[in-house]
Amino acid sequence: MKFSPMDIVKDFGSFFPMVWAILRGRWKMPWGTLFWALLCLVYFLSPIDVLPDVLPLLGIADDGAFLLFILALLHKDLEAFRTAKKAGKTVLEAQVVTTPQDRQK
């Protein structure tokens, strides 16, 4: 899967609105996606980090790397969220389906 810098910008911009929509009951998604989204929020809110934030640059770099990892995992779900949001749907259920062509890549 190719992942461009513009995809990262779009995904980052959609991540927190998607989580907010989940919390308000306007977006339903697979349990795996919800797990990773909540794990990301807990990691950012937790005072415990792999590298403490008091270390210059390194403390922030681990948070950024974790966020990029999560965005890569959630990319298809974030695309589905943006598409549905453009269509004006309010209560949605997303399911990411892998086609045989996707598995070969």
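Because only heavy atoms are used, hydrogens play no part in the values below, and waters and symmetry mates are left out as well, while side chains stay in. In this chain, residues are counted from 1 in sequence order.
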key: W31 with F81, same ILVMFWY side-chain cluster at under 4.5 Å   =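 In one cluster: yes.
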
To the closest 0.5 Å, what do you measure between [atom1] ([X]) and [atom2] ([Y])?
{"X": "K85", "Y": "S14", "atom1": "NZ", "atom2": "OG", "value": "7.0 Å"}
{"X": "K76", "Y": "D11", "atom1": "NZ", "atom2": "CG", "value": "12.5 Å"}
{"X": "L74", "Y": "F35", "atom1": "CG", "atom2": "CZ", "value": "11.0 Å"}

task = Heavy atoms only: give me the nearest W27-A84 pair and the separation to one decimal.
result =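 Taking every non-hydrogen atom into account, CZ3-CB, 3.8 Å.
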
Considering all heavy atoms, the nearest D77-M18 contact =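 Residues D77 and M18, closest heavy atoms: O-SD, 4.3 Å.
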
Donor-acceptor pairs under 3.5 Å, side chain of residues 36-43 to any protein atom, not counting sequence neighbours: which ones?
unit_1 : atom_1 : unit_2 : atom_2 : d
Y43    : OH     : V50    : N      : 3.4
Y43    : OH     : D62    : OD2    : 2.7

task = Would you please classify the geometry between the F12 ring and the F16 ring as parallel, tilted or perpendicular, with 30° and 60° separating the classes?
result =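 If you compare the ring of F16 with that of F12, the planes turn out perpendicular.
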
request  = Return each pair, listed once, that meets side chain to side chain donor-acceptor pair (under 3.5 Å) where at least one residue sits in residues 16-25; pairs must be two or more places apart or across chains.
outcome  =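 Every pair satisfying side chain to side chain donor-acceptor pair (under 3.5 Å) with a residue in residues 16-25: there are none.
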
ask   = Is it true that a side-chain atom of R82 and a backbone atom of K10 form a donor plus acceptor pair closer than 3.5 Å?
value =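 Checked: pair present.
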
